[in-house]
Amino acid sequence: MIKILLMEDDLNLCQSIQQALKKEGYSVDCCNDGESSMIYALNTDYGYDLAIVDRMLPIIDGLTIIKAMRRKQIQIPVIIITGMSALDDRVDGLDSGADDYLIKPFHIRELMARVRALTRRPQQIQEMGMLSYADLHFDYPNRKVTCNGQELILTAKETELLSVLMKQPETSFSREQLVLKVWGSNADIEPGNVDNYISFLRKRLRELHSKCAITTIYGSGYRLESAHA
C-alpha cells in the first residue's frame, strides 16, 4: 500500500484530504504543525512514498521541511499546497525540492490526480536504468544527472521530463505529448504549465555546463539537442 504523509494545519481541509486519499486506497499519516511534521518527514523508518506539505505550517514552515528532506537525501515526491500564488512563490517552492505546486482553494479531485501521477513513478523506475546522450549521463532510478564530473539530483517531475527527452533526443514533443507522457491522461494539468517545468530543467542543464539544450520549436514544442549532435 502506498503511504502518504500529509502536513496541513487547517484541520477541516486536512480531514477532507485524508478521507479522499483513504477512499482511493492510500495509507495516510497527518501532522498539523511544522515541528511534528519535521520529525515524521525525516524519519525514513516510516517509509513514506509521497508527502503533501502546506507551505505555511506553524512553528516550522513547509519549505524548511522540504529542504531538510532533500539534504537528508529523502527523494520521495512532494506536493506543496498553499495560498501563495505568485510566480516567485511557485519558483521558490519548486527550487526548494518540491515536485508539484497546488494553489488553494483547489478541488480535491485535482489533488488526487496529481497524487496518482506522482505515485506511478515506482513501477516506472524499475523499468528504466541509465540513459546517456552527448555529455549527459542520467541515473534514472536515483534521479541523478551527471555531466563533466558534476552531478545534480533532480525532482520527480524533472526526472520524468528529462527521461522523455533523453529517450528520444532530437525529437520534437508538443506540450500535449509531454503532459501525457509525464503526468498521464488523467492529470488536470494545462499544457501551458509544461513551460514552467521546461524552464526549471533548462536551469539544471546550465548548472551542469552541459552542451545539451532544450530547444523551443515554435508552433511544435520542445526537443533535446546537443551543440555537437
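For reference, positions follow the sequence shown, starting with 1. On a predicted model such as this, the values are computed, not experimentally measured, just so you know.
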Asker: Look at the side-chain heavy atoms of Ile, Leu, Val, Met, Phe, Trp and Tyr, link any pair under 4.5 Å apart, and say whether Ile217 and Leu205 land in one connected group.
Answerer: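 No, because Ile217 and Leu205 fall into different hydrophobic clusters, even though each may have its own neighbours under 4.5 Å.
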Asker: Has the side chain of Gln177 got a donor or acceptor atom that lies under 3.5 Å from a matching backbone atom of Ser174?
Answerer: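 It does hold such a pair.
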Asker: Please report the closest heavy-atom contact between Leu136 and Ser210, naming both atoms and the distance.
Answerer: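 What the structure gives for the nearest pair is CD2-OG, 3.5 Å.
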Asker: Between the side chains of Asp33 and Ser36, does any donor sit under 3.5 Å from an acceptor?
Answerer: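 Checked: Asp33/Ser36 side chains pair up, N/O donor to acceptor below 3.5 Å.
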Asker: Within a radius of less than 6.0 Å around NZ of Lys144, do more than 12 heavy atoms belonging to other residues, nucleotides or ligands occur?
Answerer: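 Incorrect, the count does not exceed 12.
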Asker: Looking only at side chains, do Tyr48 and Asp29 share a donor and an acceptor under 3.5 Å apart?
Answerer: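 Side-chain D/A pair, Tyr48 to Asp29: present.
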Asker: Does anything in residues 64-80 pair up under salt bridge (Lys or Arg N to Asp or Glu O under 4.0 Å), and if so which pairs, sequence neighbours excluded?
Answerer: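 Every salt bridge (Lys or Arg N to Asp or Glu O under 4.0 Å) pair that includes a residue of residues 64-80, provided the two are not neighbours, is Arg70-Asp99.
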Asker: Would you mind checking if Lys203 and Asp95 are paired as a salt bridge, meaning a charged N to carboxylate O distance below 4.0 Å?
Answerer: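 Salt bridge flag = yes for Lys203 with Asp95.
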Asker: Assess the side chains of Asp139 and Asn142: does a donor N or O sit below 3.5 Å from an acceptor N or O?
Answerer: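 Yes, side-chain donor-acceptor contact under 3.5 Å.
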Asker: Closest approach of Ala20 and Ile108, non-hydrogen atoms and distance?
Answerer: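 What the structure gives for the nearest pair is CB-CG2, 3.4 Å.
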Asker: Please enumerate all residues that pass side chain to side chain donor-acceptor pair (under 3.5 Å) together with Thr146, with sequence neighbours excluded.
Answerer: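 Residues passing side chain to side chain donor-acceptor pair (under 3.5 Å) with Thr146: none at all.
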Asker: Strictly distance-based, threshold 3.5 Å: is any side-chain N or O of Lys211 a donor or acceptor partner for the main-chain N or O of Asp135?
Answerer: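 Flag not set: sc Lys211 to bb Asp135 has no pair under 3.5 Å.
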Asker: I'd like to know whether Thr155 forms a side chain to side chain contact (heavy atoms under 4.5 Å, CB included) with Thr159, so could you lay out the CA-CA distance, the side-chain angles of the two residues, the decisive distance to 0.1 Å, and finally the verdict.
Answerer: CA-CA 6 Å; Thr155 67; Thr159 295; over 6 Å; no
Asker: Please check if the number of heavy atoms outside Met56 that lie under 6.0 Å from its CE is greater than 12.
Answerer: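 Open.
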Asker: Given Ile2 and Ile4, is the side chain to side chain contact (heavy atoms under 4.5 Å, CB included) satisfied, shown in steps?
Answerer: CA-CA 7 Å; Ile2 292 172; Ile4 295 175; 4.3 Å; yes
Asker: Find the distance between CG (Leu50) and OG1 (Thr119) and round it off to the nearest 0.5 Å.
Answerer: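 With rounding to 0.5 Å, CG (Leu50) is 7.0 Å from OG1 (Thr119).
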Asker: So, using ring-ring contact (aromatic ring centres under 6.0 Å, His included) as the criterion, who are the partners of Tyr101 when residues are at least two apart?
Answerer: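 With sequence neighbours excluded, Tyr101 shows a ring-ring contact (aromatic ring centres under 6.0 Å, His included) to no residue whatsoever.
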Asker: Do Thr44 and Ile74 have side-chain heavy atoms sitting under 4.5 Å apart?
Answerer: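 Yes - at least one pair of side-chain heavy atoms lies under 4.5 Å apart.
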Asker: Does any donor atom in the side chain of Tyr140 or Glu160 lie under 3.5 Å from an acceptor atom in the other side chain?
Answerer: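 Yes, Glu160 and Tyr140 have a side-chain donor paired with an acceptor closer than 3.5 Å.
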Asker: Salt bridge check: are Arg143 and Glu158 linked by an N-O gap of less than 4.0 Å?
Answerer: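 Between Glu158 and Arg143 there is no salt bridge, as every charged N stays at least 4.0 Å from the carboxylate O atoms.
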Asker: Consider only side-chain N and O atoms of Arg223 and Ser172, and report whether a donor and an acceptor are under 3.5 Å apart.
Answerer: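 Short answer, yes.
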Asker: Is it true that the side chains of Thr216 and Arg202 contain a donor and an acceptor less than 3.5 Å apart?
Answerer: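 On atom types as modelled, these side chains qualify, holding a pair under 3.5 Å.
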Asker: Would you mind reporting whether Arg175 and Tyr222 have side-chain heavy atoms less than 4.5 Å apart?
Answerer: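 The answer is yes, as the side chains (C-beta and beyond) meet within the 4.5 Å cut-off.
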